[in-house]
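Quick note on labels: first sequence line is chain A, next is B, and so on, each numbered from 1.
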Amino acid sequence: MTVRVRFAPSPTGSLHIGSVRTTLYNYLFARQSKGTLILRIEDTDQERFVPEALDSIYDGLGWVGITWDEGPREGGPHGPYVQSERLSLYQERARALVSQGDAYPCFCSKERLASVRTQQQTRGEVTRYDRNCRTIEPARAAARAASEPHVIRLKVPEDGTIALDDLVYGHVEWPLRAIEDQVLLKSDGFPTYQLAVVVDDHRMRISHVFRGEDWLPSTPKHLLVYRAFGWEAPPHAHLPNVLGPDGKKLSKRHGATRVEEFRAQGYLPEALLNYLALIGWSPGTEEEVFDVARMIELWRIEQVHKAGGKWDRERLDHFNGLHIRALGPDALFERLAAFAPAHWDRALLRRTVPLVQERLRTLAEFPDLVSFLFDDAGVKPAAAQLVPKKREAAETVEALAQAAVVTRFADWSAAALEGGLRGAADELGWKAGDLFMALRLAVTGKTVTPPIIDSILLLGRERALARIERAQEALQEGPPSIR
RNA sequence: GGGGCCAUCGUCCAGCGGCUAGGACGCCGCCCUUUCAAGGCGGUAACGCGGGUUCGAUUCCCGCUGGCCCUACCA
């Protein structure tokens, strides 16, 4: 069988991280099956439509590296791939259902619907459309439909059950009496999701439906539509949701949920996908760090489990760190460059890569870590900080002077600098660590930095010396209390 | 209210009748070490409850409890 799967976002906002996970699973399945992946835009709600959303979908998926074969901008044999451009198709199918007696026009106003609902509520009854228009005689209904505003509703059987054998959840059954006469075509001529998804999945020859778990409760409606059309429903797999830390569906109030945000916060797309794939799926072994190619090999729908998984930022950070460390130096440099101020010297920046690679969890942490190399004015250590515990300011001035001598005359290599500095510490009767820390403060202005010897090497002899000198001056001018 | 789904460390997963219940994140130690990381080693911590079935249940069945989703002319 030829695999054809789709992901079908509605353009109501920017691309959500949960949609990325759903899309990823569709993508992995399509690629490992040598099948086709389709993007379809479900813009049947004109009120919630956001014009920029399509760009967000393309940008976001493009960034993570998911590619597809048929879609609004790619075209394909089953287009158009935007539902608002397929209106006449849905209308025609809805009319067919009416004429074969499986659907009917409904003329109830929204006001009536609302009052029926509140009445049912106050009586403690199930709130459901009362099927008021279902009994209008077909000829009469057709006549009214010609002039009156109306919707088309599915004629749901009074009882019986309908079932799905879900690829993830197994056998699920619903009593038909719990399902209302669903609207298929709205009064503005647009289809509802329930109609459009079935018509399109069928017309586009979709072989498997993989979608979020939250669709499971409305699946019986779709099954009923398939049945009414006499079409066979493709296999379905519902995917467990990505939850917020509080266990509810992940949403903006949990923090970042938009792909763009993760990009801006310095996450690597490969890390994001790796982490995301593991919410709801495991290869069954202890392997858990993968690139996309490896996931395409390993992923199996049978290994997707049922329970929703909570979002865990710490764990994402961990995976991001792993993927940062897995990058080659040039690749990391390119990613880092995007996070550095434009005026920072690129050649110097390139040389910082080995110093930061194992210290970063996100790319966004990079500028802070190396800013001392690019910004002379920003380095101003406080006098009090420069003096190690149990040392005096005067001693520290002397120690820095010795460090300056080494810095001026040593061969310009890590080995020579380190040897010289350790020798100087010995002569001074200082612990090497104390001298390194004083020097670190003097040269970088910070207590947490990349290794200080390498940092000095990158800074250059003259700049380093200037900073040591400045630190000495600061100490000599320091407040009396620390002299 | 109705329908559906789910249930192993704090979190993400493994387990698919017999295991000292495993890995990862986090956390805590130790090692390494010029700070911070990274890395290595070790530790902490879980089968929601009650009934069955079975020689034997984390695993199968039922109930309970809890959580979540849907219940729109939204998707």
Side-chain angles (χ1 to χ4, degrees), chain A residues 8-12 42-45 47-48 106 108-110 113-114 117 120-121 123-129 149-153 166 169 172-175 177-180 182-194 196-197 212-221 238 240-241 243 245-249 275 278-289 303 305-319 321-322 325 355-361 369 418 421-422 425 431-441 444 446-453:
Chain A
S10 6
T12 53
E42 313 223 316
D43 60 340
T44 55
D45 185 349
E47 303 198 345
R48 295 202 306 154
C106 167
C108 295
S109 67
K110 289 185 182 177
L113 262 19
R117 192 171 305 130
Q120 289 169 331
Q121 257 160 9
R123 280 189 247 118
E125 292 171 9
V126 172
T127 54
R128 187 154 46 228
Y129 176 56
H150 62 279
V151 302
I152 305 284
R153 286 182 185 271
D166 190 272
Y169 289 91
V172 185
E173 263 186 35
W174 296 267
R177 52 183 315 116
I179 298 166
E180 75 174 343
Q182 183 64 34
V183 172
L184 298 178
L185 199 69
K186 309 180 213 178
S187 56
D188 63 2
F190 276 66
T192 59
Y193 176 84
Q194 331 297 346
V197 71
E213 171 195 353
D214 35 352
W215 285 113
L216 192 55
S218 35
T219 303
K221 299 169 188 170
H238 287 89
N241 277 147
L243 277 15
D246 61 357
K248 299 201 198 308
K249 217 160 75 170
Y275 167 72
L278 259 10
I279 299 182
W281 168 77
S282 150
T285 63
E286 278 165 14
E287 182 178 356
E288 65 174 10
V289 182
Q303 295 165 329
H305 71 169
K306 300 170 178 178
K310 291 177 187 164
W311 182 261
D312 181 358
R313 184 59 159 259
E314 299 266 21
R315 192 164 151 84
L316 168 62
D317 283 353
H318 167 72
F319 279 97
L322 292 179
R325 271 165 254 136
L355 301 199
V356 300
Q357 183 154 26
E358 60 192 29
R359 275 165 248 270
L360 293 173
R361 282 164 82 83
L369 211 47
E418 182 171 354
L421 256 8
R422 286 187 187 280
K431 288 190 286 188
D434 281 348
L435 182 60
F436 283 129
M437 185 50 86
L439 192 54
R440 182 187 316 280
L441 257 332
T444 70
K446 300 176 180 186
T447 63
V448 176
T449 71
I452 190 58
I453 307 279

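- In this structure, CD of A/Q303 is placed 19 Å from P of B/rC12, rounded to the nearest angstrom.
- If you check every strand for non-hydrogen atoms under 4.0 Å, A/K431 touches nothing.
- The phosphate of B/rG39 (OP1 or OP2) has a side-chain N or O of A/R325 nearer than 4.0 angstrom.
- A/W215 comes within contact range of at least one nucleobase, with a heavy-atom separation under 4.0 Å.
- Of all nucleotides present, none satisfies the Watson-Crick or G-U wobble test against B/rU20 with each distance under 3.5 Å.
- Of all nucleotides listed (B/rG39, B/rC73, B/rA24), B/rC73 comes nearest to the side chain of A/R153.
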Identify all pairs in which a protein N or O lies below 3.5 Å from an N or O of nucleotides 60-65 of chain B, and state each distance.
none

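- Of the C1' atoms belonging to B/rA72 and B/rC16, the separation is 41 Å, rounded to the nearest Å.
- For A/S282, the listed nucleotide lying nearest its side chain is B/rC13; candidates were B/rA75, B/rC12, B/rC13.
- For A/R128 and B/rU71, the shortest distance from a side-chain N or O to OP1 or OP2 is not below 4.0 Å.
- Base contact: A/S187 has a heavy atom under 4.0 Å from a base atom.
- We find that NZ of A/K221 is positioned 7 Å from C1' of B/rC70, with the value rounded to whole Å.
- Base-pair partner of B/rG1: B/rU71 (Watson-Crick or G-U wobble, both distances under 3.5 Å).
- With sequence neighbours left out, the side chain to side chain donor-acceptor pair (under 3.5 Å) criterion links A/W281 to A/Q303.
- Summarising the geometry, the separation between OH on A/Y275 and C1' on B/rC25 is reported as 9 Å, rounded to the nearest angstrom.
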| note | Nucleotide by nucleotide, nucleotides 40-47 of chain B touches protein heavy atoms under 4.0 Å in the pattern (B base, S sugar-phosphate only, - none) --------
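- Between the A/R422 side chain and the A/A432 main chain, no donor and acceptor come within less than 3.5 Å of each other.
- Using modelled atom types, no side-chain atom of A/Y129 and backbone atom of A/L113 make a donor-acceptor pair closer than 3.5 Å.
- In terms of the side chain to side chain donor-acceptor pair (under 3.5 Å) criterion, A/E180 has no residue partners (sequence neighbours excluded).
- In this structure, the side chains of A/V126 and A/Q120 stay at 4.5 Å or more apart for every pair of heavy atoms.
- Counting only heavy atoms from C-beta outward, the side chains of A/T192 and A/T44 never approach each other to under 4.5 Å.
- In this structure, CG of A/L360 is placed 13 Å from P of B/rA37, rounded to the nearest angstrom.
- Between the CG atom of A/L369 and the C1' atom of B/rU35 there is a distance of 11 Å, given to the nearest Å.
- Under the Watson-Crick or G-U wobble criterion, with both distances below 3.5 Å, B/rC49 is paired with B/rG63.
- Remark: P of B/rC69 and NE2 of A/H238 are 16 Å apart, rounded to the nearest angstrom.
- Side-chain contact annotation: A/K221 with A/Q182, donor-acceptor N/O pair under 3.5 Å present.
- Considering only residues two or more places apart in sequence or on other chains, A/D214 meets the salt bridge (charged side-chain N to carboxylate O under 4.0 Å, His left out) condition with A/K249.
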Sort me out a list of protein N/O and nucleotides 3-9 of chain B N/O pairs below 3.5 Å, or just none if empty.
| unit_1 | atom_1 | unit_2 | atom_2 | d |
| --- | --- | --- | --- | --- |
| B/rC6 | OP1 | A/K306 | NZ | 3.4 |

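- The side chain of A/F436 lies closest to B/rU34, out of B/rA75, B/rC70, B/rU34.
- With distances taken from any side-chain atom of A/D312 to the nucleotides B/rA72, B/rA14, B/rC25, the minimum falls on B/rC25.
- Between B/rG23, B/rA72, B/rC36, one nucleotide has an atom nearer to the side chain of A/V448 than all others, and that is B/rC36.
- When rounded to the nearest whole Å, the span between CZ of A/F319 and P of B/rC13 equals 11 Å.
- For B/rC41, the paired base is B/rG29 (Watson-Crick or G-U wobble, both distances below 3.5 Å).
- The CD atom of A/E286 sits 12 Å away from the P atom of B/rA14 (whole-angstrom rounding).
- Closest to the side chain of A/E358, out of B/rU35, B/rA38, B/rA75, is B/rA38.
- Nearest to the side chain of A/E180, among B/rC36, B/rC73, B/rA72, sits B/rA72.
- Atom P of B/rU54 sits at a distance of 30 Å from the matching atom of B/rC9, rounded to the whole Å.
- Annotation: side chain of A/H238 is in contact with side chain of A/T219 (closest heavy-atom distance under 4.5 Å).
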